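Since the model is a prediction, treat every value here as computed from it, not as a measurement. Letters A, B, ... mirror the listed sequences (proteins, then strands); counts begin at 1.
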Protein chains: 2
Amino acid sequence: MATILPISGTVSSRIKTGGNRLLGALSPNDAALISPYLEPVSFTVGDYITRAGAPIENLCFFEQGIAGVLDSLDNDRRYAVGLLGAEGFVGWPLLMGDDRSPYDVTMRAEAGRALRIPAEKLIAAVEQSATLRTTLLRFAHIFMLQMGRTIVSSLAHSIERRMARWILLYHDRVQADEICMTHEEFRLMLGVRRSSVTDALHRLEEEQAIRAVRAKVLVVDRAKLIALAGDTYGYPEQEYARLLA
Amino acid sequence: MATILPISGTVSSRIKTGGNRLLGALSPNDAALISPYLEPVSFTVGDYITRAGAPIENLCFFEQGIAGVLDSLDNDRRYAVGLLGAEGFVGWPLLMGDDRSPYDVTMRAEAGRALRIPAEKLIAAVEQSATLRTTLLRFAHIFMLQMGRTIVSSLAHSIERRMARWILLYHDRVQADEICMTHEEFRLMLGVRRSSVTDALHRLEEEQAIRAVRAKVLVVDRAKLIALAGDTYGYPEQEYARLLA
DNA sequence: CATGCTTGGAACGGTTCCGTACAGAAACGT
DNA sequence: ACGTTTCTGTACGGAACCGTTCCAAGCATG
């Protein structure tokens, strides 16, 4: 348990491209519209990409790392409503007629890289290209699907199964089978007490689906996690492939 | 308990307009772009407005009634991911680059009236008017906010408090303090067993927040319901007012 | 090495909620 | 009027999960 061995794991539908998948899906013309304004930025774990209520001044297309979209309650307790990585971008409310971010968005799990573009440049670009706008809105739509599945899983499934789902969502967005996350991190997504996270992790470990070491989760059997997550995993990912291939 | 007395109730931020609020918020020019194609339709409780997976052929702007947006799991258990009425429309995925509906949408609580427009007509209209597109996307955005709060409330709150929230969402969308819904209906939104609904209703009744009669809930003390719902009620409604006033 | 911080493991009783089952009450059809 | 269906109330044991507390292990810092 002390040393971290390289675990094989089933590397199936993982995101492999180095850069941002959404930008990669753009036509050359659309890419040309925004690429002059894209500027690389990097974040460390815990950094805020946007703050709830703040004006959206930039949009960030991630190349690496995981961004957690958090909603807060009573100004203290916070919960994740969704997750995104190199398959998407942060700031979509701007394309939907809102100039302020409704959510806190922070870096999770690992350091992140992104390409940043000023809000007004992106607005100008989507006004010139309908296909660009559609591509970006498609991501927002798929994020919405993810939220829907989050609702369903929180209503229908046990902590263990919901945890399996979140591990998969993380796994899809990191390059390795090793995911850095503490029990406290899981609390954001599951909304349970920390010891319940411990218990659920142990159960997943007993089933040989993962191995947990300090501040890390190693994905051992991805298929088993998918089975546990059931219908709450897969549909948004499948729709992403259909609409943004 | 047998007879339904007229209950005063606090009629605060209710939706009063007869027609669709979103259409009402359009500029004369934008309204002119689509009104030639709007056709009145009506639904009874249980009718499907769209089916999951089916192509979006029409969009529906509701004038009366409540539409429940349902996600299904394992082909049998279904759960509500959101609710809308005369403040919105059904079919927004079309504006976000998806030609199929990801959800079942069905009529809840009471019979509904809507103005229906063929998909291609609406697409043509939003291509002519950026402000029309923005207005419609703003509704989709606010629906997303509602979904976010649904996630948070399901993670943080007891059945009783979550029920208070859903009653408010229904109350906002009907013209009266009397809401037709069976315990089974609540199950869609809370994801609990039917008897838990009974218990939670009794608790809300003890607190004089509502009165429950067969297949109906009477809102007695709206302020009390708002207090129970806490931060999970109000924010999307407030953003609607800000962005679509 | 000494110290302090973060993270994880384990335990306690208590509460909420579940699954199931059954029965009464109200509406409905004929 | 009568049976049927729908809706609601209630009760039982049991499972899941909570809040709390305490302690141990890993890690960083000086």
Rounded interatomic separation in angstrom, taking CG from Asp199(B) and P from dG19(C): 14 Å

Select base, sugar-phosphate, or nothing to describe what Ser158(A) touches, counting heavy atoms under 4.0 Å on all strands. sugar-phosphate

Nearest to the side chain of Arg193(A), heavy atoms from C-beta on, is which of dT10(D), dC7(D), dC12(C)? dC12(C)

Carboxylate-amine/guanidinium proximity below 4.0 Å for Arg222(B) and Asp172(B): yes

Salt bridge check: are Arg116(B) and Glu39(B) linked by an N-O gap of less than 4.0 Å? yes

Taking only N and O in the side chain of His202(A), is any of them less than 4.0 Å away from OP1 or OP2 of dA10(C)? yes

The residue, Arg194(A) or Leu190(A), whose nearest nucleotide of DNA chain D is more 5′ is Leu190(A)

Scan Val192(B) against the nucleic acid and name what it touches under 4.0 Å (heavy atoms): base, sugar-phosphate only, or nothing. sugar-phosphate

Assess whether one donor atom and one acceptor atom, taken from the side chain of Arg214(A) and the base of dG8(C), lie less than 3.5 Å apart. no

Any side-chain N or O of Ser196(B) below 4.0 angstrom from OP1/OP2 of dC18(C)? yes

If you go through the side-chain atoms of Ser195(B), does one of them form a donor-acceptor pair with the base of dT8(D) closer than 3.5 Å? no

Nearest to the Arg77(A) side chain among dT20(C), dG8(C), dG19(D), which nucleotide is it? dG19(D)

Which is true for Ile159(A) with a 4.0 Å heavy-atom rule: it touches a base, it touches only sugar-phosphate, or it touches nothing? sugar-phosphate

Check: Thr232(A)/Ser153(A) side-chain N/O donor and acceptor closer than 3.5 Å: no

